There are 2 protein chains.
Amino acid sequence: MARTKPSEPDAAGSDKTEQILQGAMQEFLAHGYAGTSMDKVAKTGGVSKATVYSYFADKEGLFVALVQRLARKKVHFPVLDEEPAVALRFVAITILDQASHEPEYLNFVRLVIAESGRFPQLAQTFVKNLAKPGIERLTQYFASHPELKLPDAEATARIFIGSLVYFQLTQHMMHGKDIIPMERDRLIDSLLHLILSPQSNS
Amino acid sequence: MARTKPSEPDAAGSDKTEQILQGAMQEFLAHGYAGTSMDKVAKTGGVSKATVYSYFADKEGLFVALVQRLARKKVHFPVLDEEPAVALRFVAITILDQASHEPEYLNFVRLVIAESGRFPQLAQTFVKNLAKPGIERLTQYFASHPELKLPDAEATARIFIGSLVYFQLTQHMMHGKDIIPMERDRLIDSLLHLILSPQSNS
DNA sequence: GTCTATAGATCGATAGAC
DNA sequence: GTCTATCGATCTATAGAC
């Protein structure tokens, strides 16, 4: 048999496993952990509830498996151009437009934050596999461009990414677009101005 | 009678109303909307479930009333000193230490984000009453200090606050302190460096 | 292996005693 | 007004047919 044994919970390679995880993803992303029923997961996945329980021990096990899987999907972090003014703007646009190109990503981030109190290890997996690589990548870029005269590459990387994430948080995730409106490019321009403008000694 | 009539849902001034809201706060902040039962709210509040339903129409009404109330509590935004290097550091420390001084605030933000998909108007109330005043206050401060030579005061205010919020998000809310550790003051120093360093024309 | 059917607990909401 | 008791629906999880 080529198929992975269901008793290995982390393998998750069979068709039925895939169906279940697809159903679970759709339901958990839309309704959260407590708001999702195993009946609905089974129906959405196109299998019976008993089948779900033959592949996953319980609701919590299914949820953990799903979120770990989503957190392990490689995120698209763009190649960095040599010229900072070009590279940094491209990174910023890529992050800010992620919500448009991959609308499910916003729901995924919301879910991880929502359950970070009851499932702290899932939030940590998210930080380890998604936030950390992005910060490190940008830190390396800043560190390899001494002409920017940045005293702390990693802190600057967090400021850069933090500004973009907060913008997404307020404008889209929390539906603040019409309450505190701002053009995407205004934020990027100011961010690049702060980082790229030649600075004299104080 | 001095007491507010229970039939006015927004007044919410009686002792029982206060008990119910206290119980609701404890439960909703800990377990989210779907994860909270009205039985537990009643027990934690020290009243019967029927009493809860005599003060609030249903679970959704109680939840909305609670979150609106919490979002209307004035947040402590510090007075801004005249000297930017002092004022901005103080603002940053105040925001970053909020999690220590008022640990429930983190759970409140998490709850609002968690339910921002199913209760978008609550997220908007949060943006309107908490995020917007903070951004406007800092924007005014930047605008009234032209010696900082900031081309866009509001965008800079969002960068400033966004960096701090993202730091709180990764380090505390998502439990990333041990995965991507960083001293609080390193972030503040870099943030102040970017904003305060005299910049020449490019 | 996958299904239907169901057990046992808990949910939101209400009726009726006092 | 506030309580206890309970209804009907829905929940997680499993037993048993095939």
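FYI, side chains are in, hydrogens and waters are out, and symmetry mates aren't considered; it's all heavy atoms of this structure. This is a predicted model, so every value here is computed, not measured.
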Counting neighbours of CZ on A:Phe77 that are heavy atoms of other residues, nucleotides or ligands and sit closer than 6.0 Å, is the number greater than 12? yes
Whole-Å gap separating P (D:dT12) and NZ (A:Lys40): 13 Å
Could you check how far NZ of A:Lys43 sits from C1' of C:dC3, rounded to whole Å? 15 Å
Looking at D:dA13, C:dC3, D:dT2, which one has an atom nearest to any side-chain atom of A:Ser48? C:dC3
Rounded to the nearest angstrom, tell me the gap between atom CE in A:Met38 and atom P in C:dA5. 20 Å
Would you call B:Lys59 and B:Glu27 a salt bridge, taking side-chain N to carboxylate O under 4.0 Å as the test? no
Base, sugar-phosphate alone, or nothing: which one does A:Asp39 contact when heavy atoms must sit under 4.0 Å apart? base
Give a yes or no on whether the backbone of B:Asp81 and the side-chain of B:Tyr141 come within a donor-acceptor separation of less than 3.5 Å. yes
Which nucleotide wins on minimum distance to the side chain of B:Ala50, given the candidates C:dT14, C:dA13, C:dC3? C:dT14
Considering the options A:Phe63, A:Phe28, A:Phe126, which one meets the ring pair (Phe, Tyr, Trp, His ring centres under 6.0 Å) requirement together with A:Phe119? A:Phe63
Kindly say if B:Thr51 contacts the phosphate of D:dG1, meaning a side-chain N or O under 4.0 Å from OP1 or OP2. no
Of B:Gly46 and A:Gly35, the one whose nearest nucleotide on DNA chain D sits closer to the 5' end is B:Gly46
Closest nucleotide among C:dA13, D:dA13, D:dT2 to the B:Tyr55 side chain: D:dT2
From C-beta outward on A:Lys49, which listed nucleotide comes closest to its side chain: D:dC3, C:dT2, D:dT12? D:dT12
Once you round it to whole Å, what is the distance between C1' of C:dG12 and CZ of B:Phe56? 16 Å
Length of the line joining A:Tyr33:OH and D:dC11:P, which is rounded to integer Å: 14 Å
Any side-chain N or O of A:Tyr53 below 4.0 angstrom from OP1/OP2 of D:dT14? no
Using a 4.0 Å heavy-atom cut-off, does B:Ser37 contact any base of the nucleic acid, only the sugar-phosphate backbone, or nothing at all? sugar-phosphate
Please report, rounded to the nearest Å, how far the P atom of C:dG1 is from the CD atom of A:Gln19. 16 Å
In whole Å, what is the span from the CG atom of A:Leu62 to the P atom of D:dA13? 10 Å
Is there a donor-acceptor pair under 3.5 Å between the side chain of B:Arg110 and the backbone N or O of B:Met173? yes
Please give, in whole Å, the distance from D:dA9 C1' to B:Lys59 NZ? 14 Å
